[in-house]
Amino acid sequence: MKSAKEVRICEDEIQSNVSSSIHRVLELLEVLEGRVRDDTEHTVDVVVAALHAARRVLCLDILRKAAGSSVDGEDEGVVELNRWLRKRRTQLYRILAQLVVDQDLKVRMAALSAGAVMGARGDEWSASFGRCVEVVLMCKDAMGLEMREMLGQSLLRRFDDVRTEALRAMTKVLDRNTVSDEIVPRVLDLLRYIGEGMPPTVQQEPSRVTDGASSDEQKRKRGLEENPPVSVSEEGRALFKSERRAFNDCWLAVLRCTLSPDQKAEILRRVSGEIIPRMSHPLRLADALTEAFSEVDAASAILALEGLFDLIIHHNLDYPCFYPKLYTLLTPDALYSESRDKFKSLIPKFVLSKFLPGSMACAFVKRLVRRALLVPPVEALWCMRLALDLMRSHPMCHILVHRERQQGSFSFFDAEEGSLPTAMSTLTTTAVQARIGADPYDDDEPDPVRSNASHSSLWELNILRTHFCPSVSRFVSAFNQDIRRRGTAQLPPPPPGSHADYVDMSYQDLFQMEIKRKSKECPLQYSSVVSVSEVSLGGSVVVW
């Protein structure tokens, strides 16, 4: 065969008269074998045409045309033809695995896509396509990068069976002891394409699976739904379950590898939105997330925060140290870090829960207001707004601002030497003596319950009233409202907006707020500072 036209003629002849022309498949395979032997007799177009023609011919549909019945017929000729075609398919699979590393990119692409489409036609192709994926992962040249992009964009985003076999192949490569540092980034790129194409669990599995015979009530309900569930066959459900298991095993294999800090950060960013919804057993990520959450580096702990909380809320993970670790993360370093916007958007999800104990809520309020003294004005406003929302969610925290002292009660702030209470929370007598006249709140205590915040007060607000930023000093007045519940009386309205408005606030936003704000009082004149000589000559200078 000298041209692609001759290849098409050969294919048409085989399809039109299978019984007498099926032997011409050997001619197509010979063209491909010549390419494997680096024979330059056939051009690239001829090789690509022969590849797709052999793939179309060596499928079960051709055999059904020849036999006129199923593959499992009792006719000896059909059985022999089936055996012969199976050997030819095995030969084609071997050729595809070799053509994936061809010198021409067009031949590589055709071999990879042909192997994937043969699997979509129903052949037993797992081992062959898995080898193709392994070869693509091992390619170090520039064409390997283009092949991985083609594999991800054209195949992994579209076909479930292709995704499943690719995931199994990547898991097999990662489980080897001799995995190079270049393999993990390539696997992460392919997993990104798989995550984009693979639907989450809650959207893929319908709430009701029927066999096609629905009752009138089910039809009526489905007609009222915006997106009625689609009937899924047993084979489709089995494929989706195997795909989720392969996705689960592949990500666990990635986490077992030696990862760089940048790769760990990338994985932690993708955990909550991409990985957990598509895994069959998300709780198997608990060890990796708790390890990252317990690290000294605040950046890793912040990135692991959302995924770990997702496991706690939706997958019943028991992690009692979550809130103490979250409490220790509220440091100036975290509010100065590059991921501070993500951190500020996640914290309210955790601390604004009404099931948070009152003593722990007081500790978070105290720590937030204390941090407002140590961070820039933008972060200070966020800390104060979240502390205010936390106080309104937990009325017990009002004692930090509106504490009514009973007669004979003890206070650290105005106590004299030698006047000790009989029992002071968790503090020992020695600790109380050492802290007479000081704030009982221990900012270095990692346990929020034992920080003694409920015995303290928000004295930091008096310092924030004199803050150099006018927005910060004005916000302090919001804490003057009495939020205690008194019978059926309604609480005073909160300040406009929410804590979400302060997450991505910038200095430009603060400047625009100030210049657009209407001032109630405007001075018309002022007295400038004068020197001694000016005073002796006749008083002060008035400037208009």
Side-chain angles (χ1 to χ4, degrees), residues 133-153 156 163 166-198 246-279 281-311 319 325-326 328-329 331 333-343 345-346:
V133 174
E134 292 180 20
V135 171
V136 171
L137 284 176
M138 298 298 179
C139 289
K140 299 181 179 180
D141 52 6
M143 287 190 291
L145 177 60
E146 296 184 18
M147 288 187 65
R148 287 188 289 272
E149 292 181 357
M150 177 264 181
L151 175 63
Q153 295 177 359
L156 298 182
R163 283 196 292 264
L167 287 167
R168 291 172 179 170
M170 290 188 290
T171 304
K172 187 184 300 184
V173 172
L174 292 172
D175 286 339
R176 296 173 183 169
N177 295 328
T178 58
V179 178
S180 63
D181 297 336
E182 300 175 353
I183 298 297
V184 176
R186 298 170 188 171
V187 172
L188 291 177
D189 291 339
L190 293 181
L191 286 173
R192 176 171 53 84
Y193 291 116
I194 292 175
E196 294 173 357
M198 184 178 175
F247 187 82
N248 188 93
D249 296 339
C250 188
W251 271 112
L252 293 177
V254 171
L255 294 175
R256 286 193 295 268
C257 298
T258 303
L259 303 173
S260 64
D262 293 338
Q263 292 171 350
K264 289 182 181 179
E266 179 186 355
I267 293 174
L268 292 175
R269 291 189 190 97
R270 296 162 62 176
V271 162
S272 182
E274 176 184 339
I275 301 177
I276 291 180
R278 295 168 176 83
M279 291 187 70
H281 301 288
L283 285 177
R284 298 180 68 179
L285 292 174
D287 291 340
L289 291 177
T290 52
E291 181 181 357
F293 190 62
S294 302
E295 289 184 359
V296 179
D297 185 14
S300 299
I302 291 172
L303 294 175
L305 192 60
E306 187 174 10
L308 191 60
F309 190 73
D310 196 358
L311 293 182
Y319 188 59
K325 177 61 179 178
L326 181 65
T328 58
L329 280 180
T331 60
D333 293 338
L335 296 175
Y336 276 103
S337 64
E338 295 181 356
S339 54
R340 59 182 178 273
D341 290 345
K342 184 177 181 63
F343 179 65
S345 63
L346 291 176

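Since we're looking at a predicted model, the values are computed, not measured.
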Q. Where do Y193 and R163 land on the side-chain contact (heavy atoms from CB on, under 4.5 Å) test, with the steps shown first?
A. CA-CA 10 Å; Y193 291 116; R163 283 196 292 264; over 6 Å; no

Q: Determine, stepwise, if the pair R186 / L145 fulfils side-chain contact (heavy atoms from CB on, under 4.5 Å).
A: CA-CA 9 Å; R186 298 170 188 171; L145 177 60; over 6 Å; no

Q: Applying side-chain contact (heavy atoms from CB on, under 4.5 Å), run through L285 and L308 and close with a yes or a no.
A: CA-CA 9 Å; L285 292 174; L308 191 60; over 6 Å; no

**Q.** Chi angles and distances behind the side-chain contact (heavy atoms from CB on, under 4.5 Å) call for R269, K342
**A.** CA-CA 10 Å; R269 291 189 190 97; K342 184 177 181 63; 5.7 Å; no

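Using a 4.5 Å heavy-atom threshold, the side chains of L190 and L137 count as touching. Using a 4.5 Å cut-off on side-chain heavy atoms (C-beta onward), R284 and D249 make contact. Counting heavy atoms from C-beta on, the side chains of L156 and L191 never come closer than 4.5 Å.
Atom CD1 of I302 sits about 10.0 Å away from atom CG of L326, to the nearest 0.5 Å. Note that CE of M150 is 13.5 Å distant from CZ of R148, once rounded to the nearest 0.5 Å. Here D189 contributes atom CG and E266 contributes atom CD; the two are 7.0 Å apart, rounded to the nearest 0.5 Å. A distance of 8.5 Å separates CD in E306 from CD1 in I276, rounded to the nearest 0.5 Å. Rounded to the nearest 0.5 angstrom, N248 CG and I275 CD1 are separated by 10.5 Å.
Contact between V271 and G307 at its shortest, heavy atoms only, is CG1-CA, 4.0 Å. Between L289 and A304, the shortest heavy-atom contact is O-CB, 3.8 Å. Scanning both residues, M170 and V133, for their nearest heavy atoms gives CG-CG1, 4.4 Å. The two residues C139 and G144 make their nearest non-hydrogen contact at CB-CA, 3.6 Å. In this structure, S294 and Y319 approach most closely via the heavy-atom pair OG-OH, 3.6 Å. In this structure, S337 and A334 approach most closely via the heavy-atom pair OG-O, 2.8 Å.
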Using residues 251-261 as the side-chain source, report each donor-acceptor pair under 3.5 Å to any protein atom, sequence neighbours left out, with the distance given to one decimal.
residue : atom : partner : partner atom : Å
R256    : NH2  : D175    : OD1          : 3.0
S260    : OG   : Q263    : N            : 3.3

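Annotation for E291: atom CD does not count as buried by contact number, only 12 or fewer foreign heavy atoms lying within 6.0 Å.
One finds no salt bridge joining E274 and R278 here, because no Lys/Arg side-chain nitrogen approaches an Asp/Glu carboxylate oxygen to under 4.0 Å. For the pair R176 and E134, the salt-bridge criterion is met [side-chain N within less than 4.0 Å of a carboxylate O].
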